[in-house]
Enquirer: 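The structure under discussion is supplied below as structure tokens; questions concerning it will follow.
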Amino acid sequence: MTTAAADRRLTDALGALKDREGVARRLLDASAKHSFDPEKDLDWDAPWEDGKWFWPPELVSLYDTPMWRRMSEDQRHLLARLEGAALASLGIWFEIVLMQLLVRHIYDKKLTSDHVRYALTEIADECRHSMMFARLVKKAGVEPYPVSRLHHNLARLLKTVSTTPGSFTATLLGEEILDWMQRLTFPDERVQTLVRGATRIHVVEEARHVRYAREELRRQMATAPRWERHLTRVTSGEAARVFSVAFVNPRVYTDAGLDRREALAQVRASGHRREVMQTGAKRLTDFLGEIGVLRGVGGKLWRSSGLLA
């Protein structure tokens, strides 16, 4: 039976799955038409613009909290710059993990297939994104913000032992929330032009990565044995808990001259912040719910992460 015929026989709650090679060819065509070289396509020599934000204020973790209302405008701008750098650092960490997961995914696949060719194209995209974010952090005059040693080592474990559906669930978790935030950032004229340019590049290219991961996760959840589907639910829920914590690096508060413990307590109590994170995750959680990832223990873990309403 051909791959296309086998794919036509696979269905889930969203309908029939598309041919894997056909999806890859369309993504390769899109990559050929809409790819960027951040080294050339962004003006790295332009100075920062006075009074503009490094990250939309509504997306800053302390926005609309009592502490935010006490802060001066300069301090708010500083915190936005530090959080923007911390999110870029988080993005680099995540993309390095993702590249290793993709390499593991294609290791046993037919190396001349379009599916593998697109995975390699995505890895090349992620290399450019990581370099772009690193250069953005450096230009902002901020030291990078590594994740905690615990999360660093948990990711080392994930990229070593993760099953394929677990890998693609983690991929979507890391990509879709940041993508939602960046879709708000690149058209926002209050934000620095260079930051807007970098987020636009990332949004355009990540749209293909999300499509690839979603199509493959659907296929994996439709074909994986029962034990692997259950494991995916549990590990994805735990990944959501880790990611929701890693999303705010506590060091930014100290670097902004704020009381770290008070800041973290106000972020945890912030209804606005909760709404931002749940809205950013909603498209993903709706999708995962439809294909059966949020059942049982996995759903409980997702709710405890604060990303699922």
Side-chain angles (χ1 to χ4, degrees), residues 38 41-94 129-148 177-203 243-280:
D41 294 333
L42 296 175
D43 186 358
W44 294 100
D45 295 325
W48 295 117
E49 299 152 288
D50 290 341
K52 286 201 171 185
W53 294 85
F54 283 78
W55 196 241
E58 296 82 4
L59 299 181
V60 176
S61 60
L62 279 171
Y63 181 81
D64 201 31
T65 62
M67 182 175 278
W68 177 266
R69 291 189 282 272
R70 294 198 305 266
M71 292 165 63
S72 68
E73 194 68 5
D74 285 346
Q75 200 169 29
R76 292 172 180 174
H77 276 267
L78 173 59
L79 181 61
R81 177 160 64 93
L82 297 175
E83 286 203 11
L87 284 170
S89 302
L90 178 68
I92 296 168
W93 167 73
F94 178 76
H129 295 169
S130 294
M131 291 187 288
M132 174 178 72
F133 288 144
R135 189 167 183 181
L136 197 62
V137 171
K138 189 171 183 179
K139 184 174 174 65
V142 179
E143 287 296 311
Y145 286 89
V147 297
S148 70
I177 300 174
L178 281 171
D179 179 75
W180 176 82
M181 290 186 168
Q182 290 176 338
R183 286 177 184 273
L184 297 178
T185 301
F186 79 77
D188 191 337
E189 295 184 358
R190 299 173 300 169
V191 176
Q192 297 283 347
T193 299
L194 180 60
V195 175
R196 293 173 62 198
T199 54
R200 178 177 176 271
I201 287 173
H202 198 246
V203 163
F243 193 79
S244 65
V245 173
F247 219 83
V248 177
N249 192 309
R251 208 183 87 204
V252 299
Y253 304 124
T254 304
D255 291 349
L258 302 170
D259 182 280
R260 179 186 298 198
R261 292 181 64 183
E262 183 184 359
L264 286 170
Q266 292 200 15
V267 169
R268 284 193 291 268
S270 170
H272 174 81
R273 183 62 176 179
R274 189 179 310 111
E275 182 180 358
V276 164
M277 297 302 292
Q278 290 179 356
T279 303

Enquirer: Does some side-chain heavy atom of Val267 sit less than 4.5 Å from a side-chain heavy atom of Thr65?
Expert: no
Enquirer: Would you call Glu262 and Arg70 a salt bridge, using N to O less than 4.0 angstrom?
Expert: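 A salt bridge links Glu262 with Arg70.
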Enquirer: Can you tell me how far the CZ atom of Arg196 sits from the CD atom of Gln182, to the nearest 0.5 Å?
Expert: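 Those atoms lie 13.5 Å apart.
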Enquirer: Could you check whether atom CD of Glu73 has more than 12 heavy atoms from other residues, nucleotides or ligands sitting under 6.0 Å from it?
Expert: yes
Enquirer: Assess whether side chain to side chain contact (heavy atoms under 4.5 Å, CB included) is satisfied between Leu178 and Leu87, documenting all intermediate values.
Expert: CA-CA 9 Å; Leu178 281 171; Leu87 284 170; 4.0 Å; yes
Enquirer: Please test Met181 against Val276 for side chain to side chain contact (heavy atoms under 4.5 Å, CB included), starting from the C-alpha separation and ending with a verdict.
Expert: CA-CA 9 Å; Met181 290 186 168; Val276 164; 3.8 Å; yes
Enquirer: Between His272 and Tyr63, what is the ring plane arrangement, given parallel below 30°, perpendicular above 60°, and tilted in between?
Expert: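 Aromatic pair His272/Tyr63 classed tilted.
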Enquirer: Above 12 or not: heavy atoms from other molecules or residues under 6.0 Å from CD of Glu58?
Expert: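 Enclosed: over 12 neighbouring heavy atoms sit under 6.0 Å from CD of Glu58.
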Enquirer: Which heavy-atom pair separates Leu62 from Ala263 by the least distance, and what is that distance?
Expert: CD2-O, 3.7 Å
Enquirer: Could you state the interatomic distance from NE2 (His202) to OG1 (Thr185), rounded to the nearest 0.5 Å?
Expert: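 His202 NE2 to Thr185 OG1: 12.0 Å, rounded to 0.5 Å.
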Enquirer: Minimum heavy-atom separation for Lys52 to His77, with atom names?
Expert: O-ND1, 3.7 Å
Enquirer: Please tell me if the side chains of Leu82 and Tyr145 come closer than 4.5 Å, counting only heavy atoms from C-beta onward.
Expert: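 With C-beta onward as the side chain, the pair touches.
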Enquirer: So do Trp53 and Leu59 actually touch side chain to side chain, heavy atoms under 4.5 Å?
Expert: no
Enquirer: Count the heavy atoms belonging to other residues, nucleotides or ligands that lie under 6.0 Å from CZ of Arg200, then report whether that count exceeds 12.
Expert: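 Incorrect, the count does not exceed 12.
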Enquirer: With rounding to the nearest 0.5 angstrom, report the CG to OH distance, Leu258 to Tyr253.
Expert: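 Taking CG in Leu258 and OH in Tyr253, the distance rounds to 9.0 Å.
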Enquirer: Does a donor on one side chain sit under 3.5 Å from an acceptor on the other, for Arg273 and Ser61?
Expert: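 Distance-only check fails for Arg273 and Ser61.
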Enquirer: To the nearest 0.5 Å, how far apart are CG in Leu79 and CZ in Arg76?
Expert: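 Here the interatomic distance stands at 10.5 Å.
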Enquirer: Is the shortest heavy-atom distance from the side chain of Pro56 to the side chain of Val191 under 4.5 Å?
Expert: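 In short, these two side chains touch, coming nearer than 4.5 Å.
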Enquirer: Which atom names give the shortest non-hydrogen contact between Ile92 and Ala134, and what distance separates them?
Expert: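 Heavy atoms of Ile92 and Ala134 come nearest at CD1-N, 3.5 Å.
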Enquirer: Taking the side chain as every heavy atom from C-beta outward, state whether Asp179 and Val203 have any atom pair closer than 4.5 Å.
Expert: yes
Enquirer: Report the relative orientation of the aromatic rings in Phe247 and Phe243; use parallel for angles under 30°, tilted for 30 to 60°, perpendicular for over 60°.
Expert: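 Rings of Phe247 and Phe243: perpendicular, over 60°.
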Enquirer: If I take atom CG from residue Leu136 and atom OG1 from residue Thr199, how far apart are they, to the nearest 0.5 angstrom?
Expert: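 Nearest 0.5 Å value for the CG-OG1 distance: 9.0 Å.
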Enquirer: Does Trp55 offer a backbone N or O that forms a donor-acceptor pair with the side chain of Glu83 under 3.5 Å?
Expert: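 No; judged by distance alone, with no hydrogens or angles, the pair does not exist.
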Enquirer: Would you compute the distance between atom CG of Leu184 and atom OG1 of Thr279 and round it to the nearest 0.5 angstrom?
Expert: 9.5 Å
Enquirer: Are Pro57 and Arg190 close enough that some pair of their side-chain heavy atoms sits under 4.5 Å apart?
Expert: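 In contact.
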Enquirer: Which heavy atom of Ala198 sits nearest to which heavy atom of Leu42, and what is that distance?
Expert: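 Ala198 and Leu42 have their closest heavy atoms at N-CD2, 3.9 Å.
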Enquirer: Any side-chain heavy-atom pair from Trp44 and Met132 closer than 4.5 angstrom?
Expert: yes
Enquirer: Do the side chains of Trp68 and Val60 get nearer than 4.5 Å, heavy atoms only?
Expert: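 Contact flag for Val60/Trp68 side chains = yes.
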Enquirer: If you look at every heavy atom in Ser89 and Val137, which pair is closest and at what distance?
Expert: OG-CG2, 4.2 Å
Enquirer: Between Pro146 and Arg251, which heavy-atom pair has the shortest distance, and what is it?
Expert: CD-NH1, 4.0 Å
